[in-house]
There are 2 protein chains.
Amino acid sequence: MTENELPPAPETLAKQLKALADPKRLRILNLLMSGVQCNCEIGDALNMPANLISHHLRVLRKAGLVQVERDALDARWVYYSVNEEAIRALVAAFDAFFDLGRIQPRHPTCGPKRMKGKPPKKLIVKPL
Amino acid sequence: MTENELPPAPETLAKQLKALADPKRLRILNLLMSGVQCNCEIGDALNMPANLISHHLRVLRKAGLVQVERDALDARWVYYSVNEEAIRALVAAFDAFFDLGRIQPRHPTCGPKRMKGKPPKKLIVKPL
DNA sequence: GCGATAATTCAACAAGCGTTGAACTATTGG
DNA sequence: CCAATAGTTCAACGCTTGTTGAATTATCGC
């Protein structure tokens, strides 16, 4: 990212981070990051009941982070995979947001009276 | 990251993502990403009451993502800044977790009977 | 048609969480 | 000492969310 680009909208980013902010969902995604899985494979690997897996996968689906396909010959089998495009975009957005190159020196618009119009004093760390 | 490194523990990552998974907290962090701020500057910029800002900053502090210092000459002023080390580590962990290079072909341990011991059929997309 | 299978959805519940308003703490200056 | 200031903490409330158990849906093979 260049310094002229704006970080993504907080609402959009927060929505996707919220979908990720659960250990179980991260575990599911971790499995999918290494390859396509069906509900029962995820259940075996993570010792999770099918209904809970379905619920979590629904959250991830709604967030656009996973994709779903049925087996071509036996539709009872449903396979889940990561949505590579969405992951790629999310990583880019995340990296842009937390690009440490964005940090600028402090420009006070508020502070003790003697600080107005003057360069900021050197801060010292005091225990809170 | 090399392909031999493990992704971070889901609990650790989820805890930090949970701290980020709120639009208001992302807005606060966005301000801090561009420079050190005090509570009233954040409040002016985001039109948020001081107590709510304190609450959100506490969440971010607990997650280790921001740092806090008091003004050297007037301790009423408290300045917040991003914890660069923690951000750097989080970005690295996030990128490692969602490294698309991790994706492997599917190795079925479960599926329709005719699929055992055979290469996976080509999947077709059916509406769910 | 029916039993088995894979998966999804629903309902209820408890826990978690963001917000509001009030109270509190610490500091400064007159 | 007291008023003003910056900031933090507390309590209550309504909303959100993860989990459990049951019910449902769709599919397959006999």
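A, B, ... follow the sequence lines: proteins, then strands. Residue 1 opens every chain. Atom set for the values below is all heavy atoms of this structure, side chains included, hydrogens, waters and symmetry mates excluded.
- Residue whose closest nucleotide on DNA chain D sits further toward the 5' end, between A:Met48 and B:Cys40: B:Cys40.
- Put simply, CZ on A:Arg61 is 11 Å from C1' on C:dA7, counting in whole angstrom units.
- At the phosphate of D:dT8, OP1 or OP2 sits under 4.0 Å from a side-chain N or O atom of B:Tyr80.
- Counting all heavy atoms, side chain and backbone alike, A:Ile42 lies closest to A:Leu31 at CA-CD1, 4.0 Å.
- Counting to the nearest Å, the C1' atom of C:dT8 and the NZ atom of A:Lys62 are 12 Å from each other.
- Salt-bridge annotation for A:Glu11 and A:Lys18: absent, with no side-chain N of the basic residue lying under 4.0 Å from a carboxylate O of the acidic one.
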Assess whether side chain to side chain contact (heavy atoms under 4.5 Å, CB included) is satisfied between A:Asn39 and A:Val78, documenting all intermediate values.
CA-CA 7 Å; A:Asn39 185 308; A:Val78 182; over 6 Å; no
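- The side chain of B:Arg25 places an N or O atom within less than 4.0 Å of a non-bridging phosphate oxygen (OP1 or OP2) of C:dG18.
- Close to D:dT9, at under 4.0 Å from its OP1 or OP2, lies a side-chain N or O of B:Arg58.
- Mapping B:His55 and A:Leu52 onto DNA chain C by nearest heavy atom places A:Leu52 at the nucleotide closer to the 5' end.
- Proximity of B:Lys24 to the phosphate of C:dT19: a side-chain N or O atom is located under 4.0 Å from OP1 or OP2.
- Picking from C:dT28, D:dG7, C:dA6 the nucleotide with the shortest atom distance to the side chain of B:Asp74 gives C:dT28.
- In the interface, the side chain of B:Asn51 is not paired with the base of D:dG7 through any donor and acceptor atom under 3.5 Å apart.
- Nucleotide C:dG16 holds its C1' atom 8 Å from the NZ atom of B:Lys18, rounded to whole Å.
- Taking atom CH2 of A:Trp77 as the reference point, atom P of D:dC28 lies 10 Å away to the nearest angstrom.
- A salt bridge links A:Asp74 with A:Arg76; the closest basic N to acidic carboxylate O contact falls under 4.0 Å.
- When rounded to the nearest whole Å, the span between CG of A:Asn47 and P of D:dT19 equals 13 Å.
- Nearest-nucleotide assignment on DNA chain C puts the 5′-proximal partner with A:Cys38, out of A:Cys38 and B:Arg76.
- Taking atom CD1 on B:Ile42 and atom P on D:dG7, their separation rounds to 9 Å, with Å as the unit.
- Atom CG of B:Asp22 is separated from atom C1' of D:dT17 by 15 Å (rounded to the nearest Å).
- The side-chain contact (heavy atoms from CB on, under 4.5 Å) test with A:Ser81 singles out one residue from A:Val68, A:Val36, A:Leu32, and that residue is A:Val36.
- The nucleotide whose nearest atom lies closest to any side-chain atom of A:Ala75 is, among C:dA7, D:dT5, D:dC28, D:dC28.
- Counting to the nearest Å, the P atom of D:dG18 and the CG atom of A:Leu57 are 13 Å from each other.
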